[in-house]
Amino acid sequence: MAAAGLPSAGEQRLVIRQRLQQRMEKTLNDLFDVQMGILEKKTLKKFNHSLLKKMSKDGLDSAQFFEDNATALRTALFAFETSAALLEIPSLSLTKSNAVRD
């Protein structure tokens, strides 16, 4: 086959494997971006809900209100980071720190 100018089977498999790997990596990148977007929206929705819940409480002084807001923010950030860590694919450099930067 090589004498006829046709690539060998090994070379064909290598080309097919490379194409398959590129498609898989692109698909995984896209899915990771979508999942991080969903996670971000979900976390922000929970955070906004907790703030609205705290705002509706009567009798809070401003210091207590701001302390509750800070607590809600820390809780939301912790929940986001914990969930984002479960989505990471380090071998493809899909990490929460890269997603947060983007």
Side-chain touch Lys96/Leu87, heavy atoms, less than 4.5 angstrom: no
Taking the side chain as every heavy atom from C-beta outward, state whether Ser50 and Leu52 have any atom pair closer than 4.5 Å. no
Any pair with a residue in residues 14-27 that passes salt bridge (Lys or Arg N to Asp or Glu O under 4.0 Å), sequence neighbours left out, goes on the list, sorted by first then second residue, please. Lys26-Asp30
So which pairs with a foot in residues 74-85 pass salt bridge (Lys or Arg N to Asp or Glu O under 4.0 Å), sequence neighbours left out? Glu67-Arg74
Please report the interatomic distance [atom1]([X]) to [atom2]([Y]), rounded to the nearest 0.5 Å.
{"X": "Met24", "Y": "Leu92", "atom1": "CE", "atom2": "CG", "result": "8.0 Å"}
{"X": "Glu88", "Y": "Ser93", "atom1": "CD", "atom2": "OG", "result": "10.5 Å"}
{"X": "Ser83", "Y": "Glu40", "atom1": "OG", "atom2": "CD", "result": "13.0 Å"}
{"X": "Gln18", "Y": "Leu20", "atom1": "CD", "atom2": "CG", "result": "11.0 Å"}

Under the rule for side-chain contact (heavy atoms from CB on, under 4.5 Å), what residues qualify as partners of Thr43, not counting sequence neighbours? Leu39, Ala76, Phe80
Which other residues end up in the same hydrophobic cluster as Leu77, if Ile, Leu, Val, Met, Phe, Trp and Tyr are linked when side-chain heavy atoms come under 4.5 Å apart? Phe47, Leu51, Leu73
Can you name the closest pair of heavy atoms from Leu28 and Leu94 and give their distance? O-CD1, 3.9 Å
Qualifying residue for side chain to side chain contact (heavy atoms under 4.5 Å, CB included) with Leu31, from Asn29, Asp33, Thr27: Thr27
